[in-house]
Amino acid sequence: MPKNSITVIDNRTGKQYEFPIEEGGVVRATHFREIKTDPGDFGLMTYDPAFTNTASCRSKITFIDGDQGILRYRGYPIEELAEKSNYLETAYLIVKGELPDVKHYEAWERNIKTHTMVHENIKKFMEGFRYDAHPMGMLCGTIGALSTFYPDAKNIFDLESRRLQTRRLIGKLPTLAAAAYRLSRGLPYVYPDNDLSFTGNFLSMLFKMTELKYKPDPVLERALDVLFILHADHEQNCSTNAMRSVGSSQVDPYSATAAAIAALYGPLHGGANEQVIRMLMEIGSVKNVPEMIKKVKSGERLLMGFGHRVYKNYDPRAKIVKRTAYEVFEVTGKNPLIDIALELERIALEDDYFVSRKLYPNVDFYSGIIYQAMGFPMTMFPVLFAIPRTSGWMAQWAEMVRDPEQKIARPRQVYIGEKLRHYTPIETRPEPKMREDAVSDSI
Ligand code: CMC
């Protein structure tokens with residue numbers, strides 16, 4: 001039986017160290033601090049920009065095997081949840097760890113729906129945004145502002161408070177997202193209709209016009225719900241890391257969620273679905289696909305919606321999204337961009353540049369095509385990602401708050417700046433030299 005440990009020899013001193021290997025092949029980075037040349041030495045540090053090989057927590061929520069293309073929430077395969085569950089039930093699973101029975105599901109649904117309304121002052125707050133404000137910017141600012149409406153959220157170590165903020169956030173996200181959309185269109189707000197499903201109500205708040213009751217198309221309602229299931233959590237991605245990192249300062253969860261939304265907004269993360277559509281529109285036609293592939297291979301462009309830090313195989317979510325696209329087209333008519341996307345995928349999956357780097361379509365490659373077919377403007381795409389991800393963020397945040405090993409997140413750095421130098425009077429200084437690392441070379 002091999003010993004579950006690693007032996008490290010420091011060639012500077014010849015000393016030998018033995019460190020335990022914990023579950024999943026993990027060595028604690030703090031052990032390296034024991035490796036010193038003399039007692040006053042700081043010890044060794046690990047250097048890992050972008051955390052490509054560093055676990056920041058132990059988590060029971062989401063499992064990904066990137067090589068096999070496997071994604072599971074609390075042990076349940078994403079394919080089964082997408083086929084059989086609905087978003088609210090999946091959110092329960094993610095937040096509470098188990099699937100609910102009928103009684104618990106009904107109570108959960110009631111509790112979430114109790115919190116779909118927002119304070120009237122929030123509407124006034126949102127009216128302060130410029131007429132062309134990006135809805136994701138509005139969402140980020142407004143969620144941050146919610147912390148001022150719920151000062152009780154500061155009680156982060158109180159279980160009841162955490163439960164309440166979780167229901168409030170999951171319940172209010174669709175309302176705020178829809179308000180941002182209506183505002184950008186100059187349309188009046190639509191109040192929540194709690195007779196409808198979570199997703200049906202969201203569609204009503206977005207698209208209801210003069211009819212007395214909005215009736216969502218069942219195919220589109222289900223398609224959006226499936227997309228919500230697929231986006232609900234994805235372990236330690238950029239925005240979840242922001243949620244945990246900001247939350248580790250013990251700030252309230254609204255402020256931490258605003259930070260997570262800001263992280264999600266970026267084009268390399270949740271903003272990628274918007275960028276995919278812009279790229280497909282720029283390509284314009286199937287015949288122009290090879291030209292774009294050429295630009296990508298020369299390093300001039302990124303193929304948006306391709307590649308993933310963890311998946312080195314087809315993203316299992318992308319497979320489901322691609323299938324869902326055709327169900328949506330039955331109702332909306334085909335989005336012509338799908339042909340360009342399919343051709344891009346076909347060429348990329350045969351090309352050595354993509355094959356050797358294990359670059360496959362990710363969840364964002366086809367989702368924007370569905371959203372566009374359903375009538376969403378591109379600027380709403382990242383907002384549609386944020387709505388379901390809220391359940392994942394809150395589950396990850398609560399796990400972090402309860403984890404006795406967690407402390408305020410604070411990475412080390414490797415200082416590579418100037419050595420000590422002394423201040424001289426301004427009149428006697430030489431003209432400053434232009435530095436490569438200056439923020440800007442203009443004054
Ligand atoms: N197009 C062209 N080349 C790429 C791409 C791409 N989309 N993604 C990675 N590469 C190349 C990259 O240039 C590098 O090449 P080389 O080894 O020659 O330097 C190699 O593949 C490895 O990539 P990396 O930059 O080390 O990968 P990463 O893990 O740091 O980045 C990523 C992951 C998702 C940020 C990146 O693949 C990317 O920018 N993709 C496009 C944006 C996108 O679709 N984002 C959505 C991610 S999925 C939804 C979510 O969770 O947000």
Side-chain angles (χ1 to χ4, degrees), residues 48-55 61-64 66-67 69-71 73 78 136 227-244 259-280 282-283 289-322 337 341 344-345 347-371 378 381-393 396:
D48 187 10
F51 306 124
T52 56
N53 197 36
T54 296
I61 303 170
T62 292
F63 171 79
I64 300 177
D67 291 328
I70 291 173
L71 168 62
Y73 298 155
I78 193 67
M136 195 64 165
L227 286 163
F228 281 179
I229 293 172
L230 300 182
H231 286 87
D233 194 52
H234 213 233
E235 52 120 299
Q236 305 313 311
N237 55 83
C238 181
S239 57
T240 302
N241 181 55
M243 182 83 193
R244 280 180 174 260
I261 292 174
L264 188 68
Y265 195 177
L268 297 189
H269 191 12
N273 49 17
E274 183 180 339
Q275 299 308 321
V276 170
I277 297 297
R278 293 192 192 282
M279 177 187 75
L280 295 176
E282 182 192 330
I283 295 171
V289 166
E291 188 53 34
M292 175 57 82
I293 296 277
K294 216 163 109 190
K295 284 188 189 158
V296 171
K297 287 168 68 174
S298 69
E300 211 181 307
R301 298 288 296 266
L302 274 180
L303 188 53
M304 299 311 288
F306 257 70
H308 201 276
R309 172 62 57 80
V310 184
Y311 293 119
K312 301 301 165 198
N313 199 326
Y314 213 103
D315 181 337
R317 302 168 300 172
K319 276 189 201 152
I320 302 168
V321 180
K322 193 173 170 184
L337 294 181
L344 262 179
E345 182 187 327
I347 298 189
L349 294 185
E350 284 174 358
D351 191 295
D352 188 55
Y353 176 92
F354 299 91
V355 175
S356 63
R357 289 171 176 78
K358 299 188 175 165
L359 299 173
Y360 292 88
N362 60 48
V363 70
D364 290 318
F365 193 62
Y366 288 105
S367 60
I369 295 178
I370 300 185
Y371 296 146
M378 276 182 280
F381 296 178
V383 172
L384 296 168
F385 197 150
I387 293 171
R389 186 52 63 88
T390 303
S391 55
W393 288 330
Q396 299 270 355

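Heads up: numbering here begins at 1 and tracks the sequence. Below, all heavy atoms of this structure are taken into account, side chains as well, without hydrogens, waters or symmetry copies. Ligands are counted one by one from 1 in listed order, and the atoms in each one are counted from 1 as well.
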**Asked** Is the closest basic N to carboxylate O distance between K295 and E291 below 4.0 Å?
**Response** no
**Request:** Find out whether L344 and L280 are in side-chain contact, i.e. whether some heavy atom of one side chain is under 4.5 Å from a heavy atom of the other.
**Result:** yes
**atom 47 (C) of ligand 1 touched by protein heavy atom at under 4.0 Å** = yes
**Message:** When you measure from atom 7 (N) of ligand 1 to the protein, is at least one non-hydrogen atom found at a distance under 4.0 Å?
**Reply:** yes
**Asked** Backbone or side chain, does any N or O of H269 fall under 3.5 Å from an N or O of ligand 1?
**Response** yes
**Message:** Less than 4.0 angstrom from a charged side-chain N to a carboxylate O is my criterion; do K322 and E345 meet it?
**Reply:** yes
**Asked** Within 4.0 Å of atom 30 (O) of ligand 1 (strictly less), any protein heavy atom?
**Response** yes
**Fill in**
When every non-hydrogen atom of A260 is compared with those of S239, the smallest separation belongs to O-CB, 3.2 Å
**Prompt:** atom 19 (O) of ligand 1: protein heavy atom closer than 4.0 Å?
**Reply:** no
**Parallel, tilted or perpendicular, as decided by the 30° and 60° cut-offs, for the rings of H269 and F385** = perpendicular
**Prompt:** Is the shortest N/O to N/O distance between L268 and ligand 1 below 3.5 Å?
**Reply:** yes
**Asked** Are any of the protein's heavy atoms under 4.0 angstrom from atom 44 (O) of ligand 1, yes or no?
**Response** yes
**Prompt:** Any N/O of Y353 closer than 3.5 Å to an N/O of ligand 1?
**Reply:** yes
**Request:** May I ask which of F385, F354, F306, Y360 has a heavy atom nearer to atom 36 (C) of ligand 1 than the others do?
**Result:** F306
**Request:** Only counting residues at least two apart or in another chain, list the ones meeting side chain to side chain donor-acceptor pair (under 3.5 Å) with R301.
**Result:** E282
**Request:** Specify whether F354 and F306 have parallel, tilted or perpendicular ring planes, treating 30° as the upper limit for parallel and 60° as the lower limit for perpendicular.
**Result:** perpendicular
**Asked** Under 3.5 Å, N or O to N or O, is R309 touching ligand 1 that way?
**Response** yes
**Request:** Please confirm whether N237 comes within less than 3.5 Å of ligand 1 when only nitrogen or oxygen atoms on both sides are compared.
**Result:** no
**Asked** Is any heavy atom of the protein nearer than 4.0 Å to atom 22 (C) of ligand 1?
**Response** no
**Request:** List the steps, then state whether salt bridge (Lys or Arg N to Asp or Glu O under 4.0 Å) holds for D67 with K358.
**Result:** CA-CA 9 Å; D67 291 328; K358 299 188 175 165; 5.2 Å; no
**Request:** Determine the minimum heavy-atom distance between V276 and D364, stating which atoms define it.
**Result:** CG2-O, 3.6 Å
**Asked** Does F51 CZ have over 12 foreign heavy atoms under 6.0 Å away?
**Response** no
**Asked** Between V363 and ligand 1, does any nitrogen or oxygen pair lie at a separation below 3.5 Å?
**Response** no
**Message:** Are D351 and K297 packed together at the side-chain level, in the sense that at least one heavy-atom pair is separated by less than 4.5 angstrom?
**Reply:** yes
**Message:** Any nitrogen or oxygen of L303 lying under 3.5 Å from a nitrogen or oxygen in ligand 1? Just yes or no.
**Reply:** yes
**atom 12 (C) of ligand 1: any protein heavy atom closer than 4.0 Å** = no
**Prompt:** Quick one: does H308 get within less than 4.0 Å of ligand 1, heavy atoms only?
**Reply:** yes
**Message:** Using a plain distance cutoff, I'd like to know if R357 has any nitrogen or oxygen under 3.5 Å from a nitrogen or oxygen of ligand 1.
**Reply:** yes
